[in-house]
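Inspection log for the structure reproduced underneath, given as structure tokens.
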Amino acid sequence: GGGGGGGRHRSGGDHAARGDRGARRDSRARGRSDRDDRGGGGAAAEEWQRDLKDFIRKNRLDDRTQDALYQLGKRDCCEVMGTDGGKNSFVLDENVRNPDAVIMSRIRRLGGQAPPR
């Protein structure tokens, strides 16, 4: 029985393209503080916010996690979503039981330190 379709959730080409796009976008904004373009206009600011809405929808994140994401600046947000070319994936594996816990953990790890236990 079951167990089919294991390979379809991970398309390597998609990750590579997305990471590349995120890296280019990030280098453009490097001179500014990541907090000040949260509400700013312009195509680049809107693009990462569109990505964020997409990320929330695709991973079916709850209100608490959404609020935490909206508190972040552009650079942190891109890191959590994996659009900065880092190790995080944009769409979580379908075997993940609690996507909210995974994303909250990514947010806690942002400062570079492990979450206190």
Side-chain angles (χ1 to χ4, degrees):
R8 87 196 132 95
H9 61 273
R10 221 171 257 253
S11 59
D14 187 41
H15 282 301
R18 197 185 307 282
D20 185 47
R21 202 174 73 226
R24 264 204 312 277
R25 202 172 34 213
D26 193 45
S27 66
R28 245 197 338 254
R30 189 164 290 143
R32 293 180 307 220
S33 147
D34 55 337
R35 298 273 171 220
D36 58 333
D37 45 25
R38 207 176 352 181
E46 286 157 18
E47 191 178 347
W48 74 269
Q49 288 166 333
R50 259 201 312 275
D51 285 346
L52 178 56
K53 287 191 173 75
D54 226 28
F55 181 75
I56 288 169
R57 186 171 42 82
K58 286 181 176 164
N59 293 303
R60 295 189 290 283
L61 302 176
D62 69 16
D63 291 344
R64 191 172 136 256
T65 308
Q66 290 181 39
D67 288 344
L69 284 166
Y70 284 121
Q71 299 301 310
L72 300 175
K74 175 181 177 180
R75 188 182 306 140
D76 287 345
C77 232
C78 290
E79 186 176 330
V80 169
M81 293 188 295
T83 55
D84 66 342
K87 65 179 174 17
N88 291 334
S89 60
F90 190 78
V91 179
L92 296 178
D93 190 299
E94 60 200 23
N95 298 324
V96 170
R97 238 181 274 149
N98 187 345
D100 296 292
V102 173
I103 300 308
M104 290 307 280
S105 159
R106 286 181 183 181
I107 292 172
R108 279 195 301 275
R109 278 200 314 257
L110 279 173
Q113 74 275 16
R117 288 268 168 233

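As the structure is a computational prediction, the values presented were derived from the model and not from experiment.
- Put simply, OG on Ser89 and CG on Asn59 are 7.5 Å apart, with the number rounded to the nearest 0.5 Å.
- If you take CE on Met81 and CD1 on Ile103, they are separated by 10.0 Å, rounding to the nearest 0.5 Å.
- Qualifying salt bridge (Lys or Arg N to Asp or Glu O under 4.0 Å) partners for Arg57, counting only residues two or more places apart in sequence or in other chains: Asp54.
- How far CZ of Arg106 is from CG of Leu69: 10.0 Å, rounded to the nearest 0.5 Å.
- Looking at Asn88, its side chain never comes within 3.5 Å of a backbone N or O of Thr83 through a donor-acceptor pair.
- Here the side chains of Leu72 and Leu52 are not in contact, with every heavy-atom distance at 4.5 Å or above.
- Side-chain atoms of Gln66 come within 3.5 Å of backbone atoms of Leu61 as a donor-acceptor pair (strictly under, hydrogens ignored).
- Note that SG of Cys78 is 7.0 Å distant from CG of Asp51, once rounded to the nearest 0.5 Å.
- Looking at Glu79 and Leu110, their side chains come closer than 4.5 Å, going by heavy atoms from C-beta outward.
- Taking CD from Gln49 and OH from Tyr70, the interatomic distance works out to 8.5 Å, rounded to the nearest 0.5 Å.
- Note that CZ of Phe55 and OG1 of Thr65 are 9.5 Å apart. Values are rounded to the nearest 0.5 Å.
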